[in-house]
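Structure first, then comments.
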Amino acid sequence: MLWRRALKGIRPIDATTSALRSRIVPCPAPDKLVLDLKNLHESGELIVKKGDPVLMYQNLTIPFSDAAPIHSPTSGLIDNICTSGAGPSQIITTITIASDGAEESIELCSIDDWRQLMPDELLQRITDAGIRDPNNHLETLTGLLSELKVQGVQHLVINAVETDPYVSANTALLREHADEVVTGASILQQACAAQTCSIAITNRNSAAMLALKKATAGSAIRIARIPAIYPAHEPVVLTRAITGTRLRSAEDALQTGVAILDAGTAFATKEAVINGIPQVTRITTLTGSPLRTPKNFKVCLGTPVEFLLQVCGLDSSTEHTSFTGGAMRAHAVDASNTFVTWDTNCIVCKFEPDINPQGSAAPCIGCNRCSDVCPVDLFPQQLYRVAVQNDIVALEQFDLDQCLECGACDYVCPSRISLVEKFQSARQVLQKQLTEQKLAEHWQARMRQNRFRLEKPDSKVNIVATTNQHDHSRPNTGFSRTTAQQEIAAAVARVKAKRDQSNDTKTGGDT
Amino acid sequence: MEALASNPQFLVWLSAICSLSLLAYIARITYGYLRDQRRKPNIIDSINSMLPQTQCGQCGHPGCLPYAEAIARGTPFNQCPPGGQTTIRRLAALLAAQPRRLNPAHGEELALRVAVIREAECIGCTKCIQACPVDAILGGPKLMHTIISSECTGCDLCVDPCPVDCIDMLPTEPAHQLQLIGLSTKGQSLPTRVAP
């Protein structure tokens, strides 16, 4: 097929086999769950306080308009609620729940046939479940579905391609819950009124593929086989693989009539619409050589990473580090202080000696391997050169904004240059400069309006014309505390002198 | 040939063609020159676009545009504390000069701040309103004033005139300010490069 030639990327070794040996295991509830919620005040109002008892699936917030509510993942007591701010635009609310182990849930309202639901009812059930899609961080799923319906999306793609060579969460999900995912996909298709729907899956997931084939037999949902390359999971690359269209950014996908949602979202939608269960769990892969039994867990949101590692039989005799996000886009985390959130799909643990020492990067030899693997056809070595020089205009000319930061160029670089790191910092510089420039433009416009107001002939405060010969200069009010005080002191002295003088003349006149 | 050369009509035609082509040539040159002049960005505008536009006057000039004009006349370009070292570097590149350190006599480089009025203490004297270069203060005589924080440039000019010292300068983030204004940097492109 054509797209086989068009797709570029790397084929790293498959590291999923060890985790796929076992089935998805529901993780036992830990003693304490910690929910880190960003900017909660914008989406809803907290309705629980410290010390309140909560039941499983109970609402913790009343959401504003159609924002997603937050649910309690287990039953127990609210142990603590604290707020911390990382800046005026980011406030993090931390809710700690002490679990009582009973897992007593609120009454759930399940339905038999979702096809008989009205469209509004369907959307309401999805909204109430608080489902979030990892591909669309900003929007709620309901908002996204309504927008898709308005824009007239043609093709809905359920993305079951793994995000990393270490991750097997989607494969495990499809292997065991293919029917549910397919049902969820049909619900989503109806909710966004897409004409066709397909489930994108990697070519090599044979067990998952078999299960999916069985589940989709007789339904209108098709299977899209994607070659097993990294990063085929990226919306931009996936859209290209399916439709052959090159996109500049993931936001443009809608213009080609393609919408991409995650397989986990489809599963959660099925659970929410049919069983009425809100999204309080997710499937997370735990893998890495220090773990004796790597597996896929169905974990409650807010579970501490350390607890999960212990359950997996962590060999703590040797130094080890945990990463979220897999191997290609690893973020080292402090296991005791990190908790599962709705976009944690993988935790990789590695022995200290196994972690690639970044070492000293050798100079670029211009081998062009990075350009060969770049999935969005950039020229990483050229970008790197201009990023080192901090040439902002050139960075934009070479389309830095299209970079997915997938790390494919890092992976193949024979000189071990950390290209992605450089691109990330260059992006920040670019962003900062754009922000400052926009602010400057706004302020300049404000200053011009101020000037215009002061220079108007009928202006009551026509100071500029009288005090300043400069056209652009601001009115010099000439105010400063010291001069004012001096003036007052001088005036007081003058009055005193005058009074003394008059007294003198008076007394002089008398005598 | 001689016959041709002695033909007065031929000479007339020849001179006409020569003069016309000369005229066309001159017109083309003039047009190109004028076009280049129009296209060439004004040096003052280029300098002004690199200044942070806080209108704070810390450089000793009453605003960013007057300082840009002063730089074009030869005033040192290291007198802008809000712009800091970044602005100095960019100006140095534009003016093909050696970058210098920020002149400490004009103040030190600080992160972006916004003014906030402690409203309970405000006596409504309108002095800060007159001092504000971007009309970011709202209020009337003997009525409480407040600062429209989305418009504040953090220029400090309102702090000095306040007779009761009820204005605080609080730190903020440029991105947050931009959000308040309702602008976003997404999808915006940088201006084209200006040749020095």
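Labels below follow one simple rule: chain letters A, B, ... track the order of the sequence lines, proteins then strands, and each chain is numbered from 1. Everything numeric here is computed off the predicted structure, so don't read it as measured data.
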Revision key, fill the gap. Heavy atoms of A/R446 and B/D135 approach each other most closely as NH2-O, 2.7 Å

Exercise for review: Evaluate the criterion side-chain contact (heavy atoms from CB on, under 4.5 Å) for residue pair B/Q177 and A/L439; output intermediate values, then yes/no.
Suggested key: CA-CA 8 Å; B/Q177 286 298 106; A/L439 275 181; 3.9 Å; yes

Review point. Counting only heavy atoms not in A/Q389, do more than 12 sit closer than 6.0 Å to its CD atom?
Key: yes

Check your understanding: When rounded to the nearest 0.5 angstrom, what is the spacing between OG1 in A/T435 and NE2 in B/H176?
Key -> 13.5 Å

Practice item. Grab the two heavy atoms, one from A/N450 and one from B/V134, that are nearest each other, plus how far apart they are. Key: ND2-N, 4.3 Å

**Study point:** Contacts of A/D36 that satisfy salt bridge (Lys or Arg N to Asp or Glu O under 4.0 Å) - sequence neighbours left out
**Key:** none

**Study point:** chain A contact residues among residues 140-153 of chain B, heavy-atom distance under 4.5 Å
**Key:** B/E151, B/C152, B/T153

**Study point:** Test applied, side chain to side chain contact (heavy atoms under 4.5 Å, CB included); reference residue, B/L178; option that passes from A/H442, A/E436, A/K438
**Key:** A/K438

Check your understanding: Can you name the closest pair of heavy atoms from B/L112 and A/W443 and give their distance?
Key -> CD1-CH2, 3.7 Å

Practice item. Can you measure from CG (B/L65) to CZ (A/R448) and round to the nearest 0.5 angstrom? Key: 8.0 Å

Study note, to complete from the structure: Nearest heavy-atom contact between B/P52 and A/A440 is O-CB, 3.6 Å

Review point. Side chain, backbone, both or neither: which part of B/T54 has a heavy atom under 4.5 Å from chain A?
Key: both

